[in-house]
Amino acid sequence: MEYKVVKGTRDFLPLQMQKRNYIFNTIIEVYKRHGFLPIETPALENLSTLMGKYGEEGDKLLFKVLNSGDFTSLATTGNNPNGNDVLCDCVKNNDYKKMTTMICEKGLRYDLTVPFARFVVNHLNDISFPFKRYQIQPVWRADRPQKGRYREFYQCDADIIGSDSLMNEVELLEIIDEVFSSLKLNVNIKLNNRKILASIAQVIGKQDKIVDITVAIDKLDKIGMDKVLEELKEKDFSEQDVEKIKPILMIKGTNEEKLSQLKTILQGSAVGEKGLEELSYVMDKAKKAEIKNIDFDITLARGLNYYTGAILEVKANDVQMGSITGGGRYDNLTGIFGVKDLSGVGISFGEDRIYDCLEELNLFPQDISTTTTLLFVNFGEKENEMCLSLAKSLRKENVSCEIYPDCSKIKKQMKYANDKKIPFVALIGEKEIEDKQVVIKNMTTGEQTTYNIDDALSFLSDLKA
RNA sequence: GUGCCUGUAGUUCAGUUGGUUAGAAUAUCAGAUUGUGGUCCUGAGGGUCGUGAGUUCGAAUCUCACCAGGCACCCCA
């Protein structure tokens, strides 16, 4: 094909869009039911807003947009009086990062949480806290695409900012439960708390190594205990450190059992105790809210480094797919933009992955591909006038209908109705005009019924049946 | 950024140890009663065999390079 779409991006056909909208509508409905309000932010943000918020890996995955203008003037060789040879210096020093900042100042958003934090700071005076917003927009990541991974995909975020009550965490869990129940997708919610992870690092005495520890233990169910310990040793952890981490990785049992085992291990660590307290509060309330399928997962780490409290991830049970929803609490995301003491907590549904799961499990309802209910076959100018007024009356009754635009062969017009899965066709030709009749053909059964045209909508009840 | 796999009609794929003009199914379009679709029948269009080089009398087939796509790791929705 000559004109491909960009790798990792897709076109969507009508049927696919109807399926996507089914997911979006389900999520929006639940968000609204919980009192969240919609906002949007631009696709493009200044790179200064985005850079450094997602870790080093995230910076690499940002799509950067080239400035307009002519860079050759910035790259004159030799020292010129204006000092405009910075680009050449960058080339000489192999400093591509600095060079990037010289020629790119904008980038495509990587997620919706950071732009939201920026939004909150910019609109402090227009917002009343706690602020509950939802936002459904595409995000872009310069990743290498693979199954369930796209370069352009939709996130469906809900965040509550300006309240540190753990009731917010509980509400978000309820939302997750409602959305996936409604979609009939069996899921497992994995819950953890960053404070617990921090405390583990503290207990070992390697607070600065929290990222290494979490990344390693995150792989526990993938590569197994031995390899995780091996990886830790490679990362400069001593034999003693590893021995301290080992019992934590071996914790098993029900949520309550895991909690009590950790309580013993993390005893004396203020952060750890706080984390465990938060976690058990949330789990307890979630239980009272009758949310099932929540697992306390010590190995859940999540790379986004702005999380400070609860972290969660949702996986589909019956299909091989990465996490389809993620989220957590961030205590100081607006702090980076100059406004302190605003704690937020949010979740994000990955629409594209949910789509893939529903498709694989055949869980899309049959009736979502709504189409035209009735097609008027075009017999010519005179006949069309009759169709126009009939169509108008039908639309007033909220029946979607259309008149075939060209006076083509009946066969072609019938085929159009068939291809578009239009259930009814109206035929008003010379004969019918003369007899003041309209013939309605049921495309499913093939039956044709003749109605009196004066009683224009006498066939209405049949269409709706 | 690292590793593995795959490139033949719009799509899904055949194509024998290298051998004449590269096939099928499906989709598209047209016809089979000029006022009737979905089934059936007939026909048509559609391919620089990913690109380029090499080996050979001869390459879709063998070799190399490049390009594209997919999958896994990393990380994530």
Side-chain angles (χ1 to χ4, degrees), chain A residues 1-2 4-10 13 23 27 54-62 109-113 136-157 176 187 211 214-216 218-219 222-223 227 231 300-305 307 311-316 320-328 346-357 375-380 383 404 407-434 439-448:
Chain A
M1 258 293 146
E2 203 73 24
K4 281 183 213 163
V5 294
V6 172
K7 188 204 287 236
T9 69
R10 295 141 310 147
L13 290 162
I23 298 172
I27 294 170
Y54 310 104
E56 196 159 336
E57 196 67 26
D59 284 353
K60 274 189 212 158
L61 297 180
L62 278 169
R109 69 167 99 81
Y110 179 91
D111 72 354
L112 300 178
T113 310
I136 297 178
Q137 290 189 274
V139 303
W140 293 268
R141 294 182 189 178
D143 228 343
R144 194 173 284 205
Q146 53 183 283
K147 190 182 182 196
R149 168 170 304 177
Y150 305 100
R151 283 181 158 180
E152 178 183 57
F153 61 96
Y154 270 75
Q155 291 197 326
C156 313
D157 277 40
I176 292 172
V187 297
V211 175
T214 53
V215 166
D218 180 43
K219 293 181 195 164
K222 260 188 202 162
I223 60 176
K227 293 228 166 130
E231 194 169 313
L300 174 64
R302 296 191 58 77
L304 294 176
N305 47 18
Y307 290 124
I311 44 179
L312 67 90
E313 201 165 279
V314 181
K315 294 202 79 175
Q320 191 70 36
M321 180 68 64
S323 68
I324 53 178
T325 294
I347 50 166
S348 179
F349 291 94
E351 183 272 331
D352 303 79
R353 283 186 177 174
I354 294 173
Y355 180 105
D356 290 345
C357 291
L375 175 81
F376 288 96
V377 170
N378 188 324
F379 280 88
E383 292 86 341
Y404 195 86
C407 182
S408 315
K409 281 188 215 168
I410 311 297
K411 189 177 175 140
K412 191 176 162 72
Q413 301 193 40
M414 296 299 277
K415 186 169 154 43
Y416 172 83
N418 193 63
D419 289 346
K420 208 170 163 181
K421 296 188 168 62
I422 297 175
F424 296 97
V425 168
L427 298 118
I428 305 170
E430 218 176 333
K431 262 193 293 190
E432 285 74 19
I433 295 262
E434 212 168 287
V439 172
I440 302 290
K441 175 165 181 150
N442 180 325
M443 292 295 278
T444 323
T445 62
E447 279 169 24
Q448 293 194 176

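Each chain gets a letter, A, B and so on, in the order its sequence line appears, and its residues count up from 1. Because the structure is predicted, anything quoted here is derived from the model rather than measured.
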Exercise. Taking the side chain from A:Asn378 and the backbone from A:Tyr404, do they hold a donor-acceptor pair closer than 3.5 Å?
Worked result: yes
Specify the separation, in whole Å, of atom [atom1] of [X] and atom [atom2] of [N].
X	N	atom1	atom2	answer
A:Gln137	B:A77	CD	P	17 Å
A:Leu62	B:G1	CG	P	16 Å
A:Trp140	B:C76	CH2	C1'	17 Å
A:Ile27	B:A77	CD1	C1'	11 Å
A:Glu56	B:C74	CD	C1'	13 Å
A:Met321	B:C75	CE	C1'	16 Å
A:Ile136	B:A77	CD1	P	16 Å
A:Tyr54	B:C76	OH	C1'	13 Å

For this session: Tell me, yes or no, whether the heavy-atom count around A:Gln448 atom CD, taken from other residues, nucleotides or ligands under 6.0 Å, exceeds 12.
Result: yes
Taking the [atom1] atom in each of [N] and [M], what is the distance between them to the nearest angstrom?
N	M	atom1	result
B:A24	B:U63	P	29 Å
B:A22	B:A9	C1'	11 Å
B:G47	B:C64	P	31 Å
B:U42	B:U21	P	29 Å
B:A25	B:U33	P	24 Å
B:A72	B:G23	P	38 Å
B:G69	B:A59	C1'	24 Å
B:A60	B:U16	P	12 Å

Exercise. Which pairs with one or both residues in residues 407-417 of chain A pass salt bridge (Lys or Arg N to Asp or Glu O under 4.0 Å), sequence neighbours excluded?
Worked result: A:Lys415-A:Asp419
Side chains of [X] and [Y]: does their closest heavy-atom pair fall under 4.5 Å?
X	Y	answer
A:Lys441	A:Phe424	no
A:Glu152	A:Arg10	no
A:Phe153	A:Val139	yes

So what's [N] paired with, Watson-Crick or G-U wobble, going by both distances under 3.5 Å?
N	result
B:G35	none
B:G18	none
B:A68	B:U6
B:C73	B:G1
B:A27	none
B:U56	none

Exercise. Would you say A:Phe349 stacks on B:A77, if stacking means ring centres under 5.5 Å apart and planes within less than 30 degrees?
Worked result: no
For this session: Using a heavy-atom cut-off of under 4.0 Å over every strand shown, decide if A:Tyr150 touches base, sugar-phosphate, or nothing.
Result: base
For this session: Would you sort out whether A:Ile422 and A:Met443 count as a side-chain contact (heavy atoms from CB on, under 4.5 Å), showing the intermediate values?
Result: CA-CA 7 Å; A:Ile422 297 175; A:Met443 292 295 278; 5.9 Å; no
Which protein N or O atoms sit under 3.5 Å from an N or O of nucleotides 70-72 of chain B?
residue: B:C71; atom: OP1; partner: A:Lys147; partner atom: N; Å: 3.2
residue: B:C71; atom: OP2; partner: A:Lys147; partner atom: N; Å: 3.1
residue: B:A72; atom: OP2; partner: A:Gln146; partner atom: OE1; Å: 2.8

Problem set entry | Candidate nucleotides B:C75, B:A77, B:G31, ranked by approach to the side chain of A:Ser323 - the nearest | B:A77
Problem set entry | A:Cys156: which of A:Ile27, A:Ile347, A:Leu112 passes side-chain contact (heavy atoms from CB on, under 4.5 Å) | A:Ile27
Problem set entry | Passing option when A:Phe349 is tested against A:Ile136, A:Ile324, A:Val314, A:Ile176 for side-chain contact (heavy atoms from CB on, under 4.5 Å) | A:Ile176
For this session: Go through the steps to decide whether A:Asp111 and A:Arg141 satisfy the test side-chain contact (heavy atoms from CB on, under 4.5 Å), and finish with yes or no.
Result: CA-CA 9 Å; A:Asp111 72 354; A:Arg141 294 182 189 178; 3.9 Å; yes
Exercise. How are the rings of A:Tyr110 and A:Tyr54 set relative to one another: parallel (under 30°), tilted (30 to 60°) or perpendicular (over 60°)?
Worked result: tilted
Seminar exercise, completed: In B/S/- notation (B base, S sugar-phosphate only, - none; protein heavy atoms under 4.0 Å), nucleotides 35-51 of chain B written 5' to 3' is BBBB-------------
